[in-house]
Each structure stands twice: as C-alpha cells, then as structure tokens.
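Scroll down for the structure; my scribbles are underneath it.
Bear in mind that the values here come from a model prediction, so they are computed numbers and not experimental data.
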Amino acid sequence: MGALRDQNDDERRPGAFDRDGAELDDLIHEIQAARPISPAEERTLFERAGLGDKGCQDRIVAAHLNLVIRLAAARGEQPLSVPDLVQEGSIGLVEAVRSFASSGYDDFQPFAERLIGEKIDAAIAAEAASVRDAELLVAAATDYERTDLLLRRELQRQPTEAEVAEKLEWTVERTRYVAHVVADARRRHDEEMLAFIDPAAIDFDNDDDERAAFDS
C-alpha cells in the first residue's frame, strides 16, 4: 500500500514529469521517423499482419502510434501517467493490427481507436480500483487497531479474534486477515500504515464520542 501511494506521489514530482516528457518525446520521435504508408501498401501490410507477419505488424504499429498518444492524452489527468496509458493503449493497437483483416471493418482508424480506448480505460479502471482497495484496507487496519486497543484497555488482556470480530461486526476470517496486514506492516516498518494506525494518536480519555460509538 505504501509502495502504491509512493508510486502515485512519484508521478507528481518534478522528476517524474521530466521522465514522462522524455518518454513522450521518444515516442514522438519514433512516430516522426516512421516512413508513411501508402493505401496500397497498407492493404498488403494488413493482409500479411493478419497472417502473423511480425515485421508487417510492427510497421503498421509504428505508423499509427499517434492514435495511441492522442487517445491517452485525451483522458486528461489520471492516476496513471500518459506514457503508462500509451503503453496500455499500444497493446490495443497491436491487437487491432493483428485482427483488422478479419474484423469486418473497412476503415482501420475507428477499429483501432475502439481497441486502444478499451485498453486505456481498462487500465485506468484497474488502477482506480487498486487505489480504492488500498484505501479501504488502510481504513480497515485503522478500525482493527483501534478496536483491539479499546478492548485491551477494557478487558485488561489481549482480546481474542472472536471478541474483536464481534465488536467490529466482522467475520473472524476478515479480522484475522486484517490483523495479519497490521502485523506485517509493523514488521516491515510501513511508515504510511503506522501513521494511520499509531496507537498514540488515539485519545481514549477525551474522545467520548468515539468510545460511545464502540460501546453502542
């Protein structure tokens, strides 16, 4: 979880923007260096690409990378950088090149745009889900640690998994999993996780509302 957030933070740092810009520049240079394809040559290339000719596939991909960059940039600000989106979109472009001959489409561009867009949007959705999962796990770990401390204070002993689970209204299996996450975070000295679940940050004496919520 810490690594995930660190990675997202890296994307916002000046060095990350410089790196992204350099990668985009390299892609633009690659596009500019690609020799234009005539309509007649393109038809032949697509036929051979559909039969598995790797050289023809690469030739068409290089000539249409501008589609990937345009669609990636059009997504606006996302958790993934534009170069990352271009990488995902390129997978869709390769699939489009390989399957265009048998796709039933007459025009390659709309067909390619559909597959490229699907890959980019899937990558964005997967990254967003990963971030949400990480945030939910941090929240669950915080709830577990707070409840464990409250019960320890109340019972004057270490509570059992079943007692913590009952207080949290979780299953024992979920409680055990979150307990493992907390323990693993402490073993790894995960500073982000520890910052969220630091027992010193819990004010038992003054936070009456918090205690009432747990007692209810």
Side-chain angles (χ1 to χ4, degrees), residues 1-23 72-73 75-89 91 118-216:
M1 285 179 292
L4 175 62
R5 292 198 176 188
D6 288 345
Q7 179 181 358
N8 288 338
D9 288 343
D10 285 344
E11 298 299 341
R12 300 185 183 95
R13 294 175 183 144
F17 286 120
D18 293 342
R19 184 174 62 253
D20 293 348
E23 291 177 6
R75 263 53 182 185
E77 187 174 345
Q78 298 292 342
L80 292 171
S81 66
V82 172
D84 285 337
L85 295 179
V86 169
Q87 183 176 6
E88 296 295 331
I91 298 172
E118 287 174 356
K119 290 295 183 182
I120 291 175
D121 291 340
I124 292 172
E127 179 67 10
S130 178
V131 171
R132 285 195 302 271
D133 288 345
E135 291 172 345
L136 288 172
L137 188 53
V138 168
T142 303
D143 290 342
Y144 169 85
E145 185 76 350
R146 183 181 292 111
T147 301
D148 180 74
L149 290 169
L150 285 168
L151 285 174
R152 197 183 312 168
R153 186 171 184 264
E154 176 184 330
L155 301 172
Q156 296 299 305
R157 61 173 171 80
Q158 179 64 44
T160 65
E161 286 181 343
E163 288 170 334
V164 176
E166 181 180 5
K167 192 65 135 176
L168 286 167
E169 298 183 351
W170 292 354
T171 64
V172 172
E173 290 75 15
R174 182 185 182 191
T175 304
R176 184 177 299 125
Y177 172 74
V178 176
H180 175 77
V181 169
V182 171
D184 189 56
R186 293 193 175 281
R187 282 194 299 271
R188 294 170 180 270
H189 303 288
D190 189 322
E191 296 301 327
E192 178 188 16
M193 175 70 80
L194 293 177
F196 275 100
I197 62 176
D198 183 5
I202 302 175
D203 188 344
F204 293 105
D205 295 324
N206 296 327
D207 195 352
D208 296 333
D209 291 338
E210 186 72 31
R211 294 193 62 184
F214 275 94
D215 292 339
S216 61

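Looking at every heavy atom in both residues, Ala123 comes nearest to Leu80 through O-CD1, 3.6 Å. Ala140 and Trp170 make their closest contact through O-CH2, 3.4 Å (heavy atoms, listed as atom of the first residue, atom of the second, distance). Closest non-hydrogen pair, Thr175 versus Ala165, comes out as OG1-CB, 3.2 Å. The shortest non-hydrogen separation linking Val178 to Ala141 is CG1-CA, 3.7 Å.
With contacts defined as side-chain heavy-atom distances shorter than 4.5 Å, the pair Arg75/Asp121 qualifies. Tyr177 has its side chain within reach of Leu137: a pair of non-hydrogen atoms, C-beta onward, lies under 4.5 Å apart. Put simply, the side chain of Val164 does not reach to within 4.5 Å of the side chain of Glu161, judged on heavy atoms.
Proximity of a side-chain donor or acceptor of Thr142 to a complementary backbone N or O of Val138 within less than 3.5 Å is detected.
The OH atom of Tyr144 sits 10.5 Å away from the CZ atom of Arg176 when rounded to the nearest 0.5 Å. Note that CD of Glu169 and CZ of Arg174 are 11.0 Å apart. Values are rounded to the nearest 0.5 Å.
Evaluation of the side-chain hydrogen bond (donor to acceptor under 3.5 Å, both in side chains) rule for Arg157 yields Glu163 as partners, not counting sequence neighbours. Judged as a salt bridge (Lys or Arg N to Asp or Glu O under 4.0 Å), and not counting sequence neighbours, Glu166 has no contacts.
Put simply, the residue from Leu155, Leu150, Leu149 that forms a side chain to side chain contact (heavy atoms under 4.5 Å, CB included) with Arg152 is Leu149. If you run side chain to side chain contact (heavy atoms under 4.5 Å, CB included) between Glu88 and each of Leu85, Val86, Ile91, only Ile91 comes through.
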